[in-house]
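Take a look at the structure set out below.
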Number of protein chains: 2
Amino acid sequence: MSLPNEQDPDEIALPDIGKLTGSLAQRVYEALRTAILAMDLPPGTILRKQLICEQLGVSRSPVTEAITRLAGEGLVEVVPQSGSRVTKFSMSEIHEGAFLREAIELAAVAKVAAERTEEQLSELTRNLRLQALCLEDNDEAGFYREDQRMHELIFSFTGYPKLNTLAAAGWLQVNRARQLLLPIRGRAQEAYEEHKVIIEAIRARDPEKARRAMRKHLSRLVTRLEPLIESRPDLFD
Amino acid sequence: MSLPNEQDPDEIALPDIGKLTGSLAQRVYEALRTAILAMDLPPGTILRKQLICEQLGVSRSPVTEAITRLAGEGLVEVVPQSGSRVTKFSMSEIHEGAFLREAIELAAVAKVAAERTEEQLSELTRNLRLQALCLEDNDEAGFYREDQRMHELIFSFTGYPKLNTLAAAGWLQVNRARQLLLPIRGRAQEAYEEHKVIIEAIRARDPEKARRAMRKHLSRLVTRLEPLIESRPDLFD
DNA sequence: CTGTGTCAACTAACATGTTAGCATTCCAAA
DNA sequence: TTTGGAATGCTAACATGTTAGTTGACACAG
């Protein structure tokens, strides 16, 4: 296998690692992960351990561990005895991630709809009101944050802590690709309406309705990603 | 956090790594994983890097990487600056793994039922006939192998290669705990009947029926694990 | 007997030296 | 011009030395 050097800048844009906490390996991991997801390290970028070491002021050990973990998540490809680079997008991986996410989240929302407590319901409706507030203020970023929060709430209400982690792992490629999309006018409002239906189904303790509503909600994004393979073929393999 | 040394044998039963292929880290990983899943390293066992290094004749690097990977799978706990040990069972983790597996496999079997080709169907029915043969011969091990194979086939027919990996990861704790159960007489026959229903649903291209049949099939095992927490409390935390 | 502080032994985490495999380059021969 | 192969420069993989934090035993005071 080969590693054609698509580009090799002498400087890489990496967040400062001093502000993070935890072990060095953990901090390096987060720094690289953030940079990859923000497309500061675009797909195809070759990762030079030595360069990263110098720039962050650490030795190769924590950098190696960080890259190993990123490879486990599918964000980095390691070619034995040769090199590592940021993975390109692959439409089939995106579809697989979306399928996985859908499988997990549909099961989660059905379980929550069946077993929810009053407390959980009021936390969800409170979150929904926050979303409405963000919409009124045209606060796109805030809406995105609360959107994400709603999904996390649903996962946490299942009582299964690792579910959110795994769903996020599957969703990772989708999220990375989403950075390339411009926000569509009116999409937030549309998403809000879909959220309302989901939470209404949870309120009514109707698992099947919750599943249907969630499925509809999730299917939106992937279809919007399809055109990317035409407009940015350099990012796919 | 503490690491009370539940037991510290001078010798650990580890498979020879000479017969395996791939990098040293990979071989050490497989050796440890096999030993843990076979309960040769029971829950609570403290892993001494140095000892493992000496016994396998390798340095600490590949052993460290192997343990890191096992920690990522949840088979090993690492206490910072202190030590590592084989994780004990936790009924909530088992439930979570089963939930995850169910979510993924129900989605998979529904997709396969909806989209299956004639070729795929005949591969499944061929597998089913193999199962019947094993039953006739009272070949429990063979039946278990073909059982597993059937689930792998279903995953692979979705066209999503990582699905099987993730479902297996979720199922890991369940499988480990299953080692403790004695095979129940007649269970294989029962499982075979359930498999027949699943494949019949796939033949009929009936996703909903396939889901129901698969759900019934999967739910069997977890309930059988429940009593373990009473009979072997030392393995739980 | 009980709680507390010191200290020794152990560990993971980190740093760094070494080895070996792959790819690219470039030059020479056909 | 093309091909093939030796040399070079890169890398991951592995080995090993160093550092610093945690545990747990033991002595000692209350």
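A note on names: the letters A, B, ... follow the listed sequences, proteins ahead of strands, and every chain is numbered from 1.
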For B:Arg187, give me all partners under salt bridge (charged side-chain N to carboxylate O under 4.0 Å, His left out), at least two apart in sequence or on another chain.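 B:Arg187 satisfies salt bridge (charged side-chain N to carboxylate O under 4.0 Å, His left out) with B:Glu190, B:Glu194 only.
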Just to verify, what does A:Glu102 make a salt bridge (charged side-chain N to carboxylate O under 4.0 Å, His left out) with, not counting sequence neighbours?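 A:Glu102: salt bridge (charged side-chain N to carboxylate O under 4.0 Å, His left out) contacts with A:Arg215.
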Could you tell me if B:Gln131 and B:Asn127 have a donor-acceptor pair between their side chains, going purely by distance under 3.5 Å?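 Note: B:Asn127 and B:Gln131 side chains meet the donor-acceptor criterion.
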Is there a donor-acceptor contact under 3.5 Å linking the side chains of A:Gln50 and A:Glu54?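 The criterion, which ignores hydrogens and geometry beyond distance, is not satisfied for A:Glu54 and A:Gln50.
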Hey, does the side chain of [X] come within less than 4.0 Å of [N]'s phosphate (OP1/OP2), counting only N and O?
X       : N      : answer
A:Thr64 : D:dA13 : no
A:Arg48 : D:dC10 : no
A:Ser59 : C:dA15 : yes
B:Arg60 : D:dC14 : no
B:Ser61 : D:dC14 : no
B:Lys49 : C:dT11 : no

In whole Å, what is the span from the [atom1] atom of [X] to the [atom2] atom of [N]?
X       : N      : atom1 : atom2 : value
B:Ile46 : C:dC10 : CD1   : P     : 13 Å
A:Ile67 : D:dT11 : CD1   : C1'   : 11 Å
B:Ile52 : C:dA12 : CD1   : C1'   : 13 Å
B:Gln26 : D:dC14 : CD    : C1'   : 15 Å
B:Arg85 : C:dT11 : CZ    : P     : 15 Å
A:Leu24 : D:dA20 : CG    : C1'   : 12 Å
A:Gln50 : C:dT16 : CD    : C1'   : 12 Å
A:Glu65 : D:dA12 : CD    : P     : 15 Å

Would you call the rings of B:Phe89 and B:Phe236 parallel, tilted or perpendicular, taking 30° and 60° as the class edges?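 Judged by the thresholds at 30° and 60°, the geometry between B:Phe89 and B:Phe236 is tilted.
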Close N or O pairs between protein and nucleotides 6-9 of chain C (under 3.5 Å):
none

Should stems be defined as at least three consecutive Watson-Crick or G-U pairs with both distances under 3.5 angstrom, which of them involve DNA chain D?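 Correct response: C:3-30 with D:1-28.
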Which pair of non-hydrogen atoms, one from [X] and one from [Y], has the smallest distance, and what is that distance?
X        : Y        : result
B:Leu32  : B:Ala66  : CD1-CB, 4.4 Å
A:Thr87  : A:Glu77  : CG2-CG, 3.2 Å
B:Ile154 : B:Val112 : O-CG2, 3.4 Å

Under 4.0 Å, counting only non-hydrogen atoms across every strand here, what does A:Ser23 touch: a base, just sugar-phosphate, or nothing?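 Touches sugar-phosphate only.
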Of all the choices, D:dT22, C:dC14, C:dA15, which nucleotide is nearest to the side chain of A:Ala25 once you look at every atom?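 The answer is C:dC14, which lies nearest to the side chain.
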For B:His95, which residues count as a ring-ring contact (aromatic ring centres under 6.0 Å, His included) partner, sequence neighbours excluded?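 B:His95 satisfies ring-ring contact (aromatic ring centres under 6.0 Å, His included) with no residue once adjacent residues are dropped.
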Which pairs with one or both residues in residues 153-182 of chain B pass salt bridge (charged side-chain N to carboxylate O under 4.0 Å, His left out), sequence neighbours excluded?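 Residue pairs with at least one partner in residues 153-182 of chain B: there are none.
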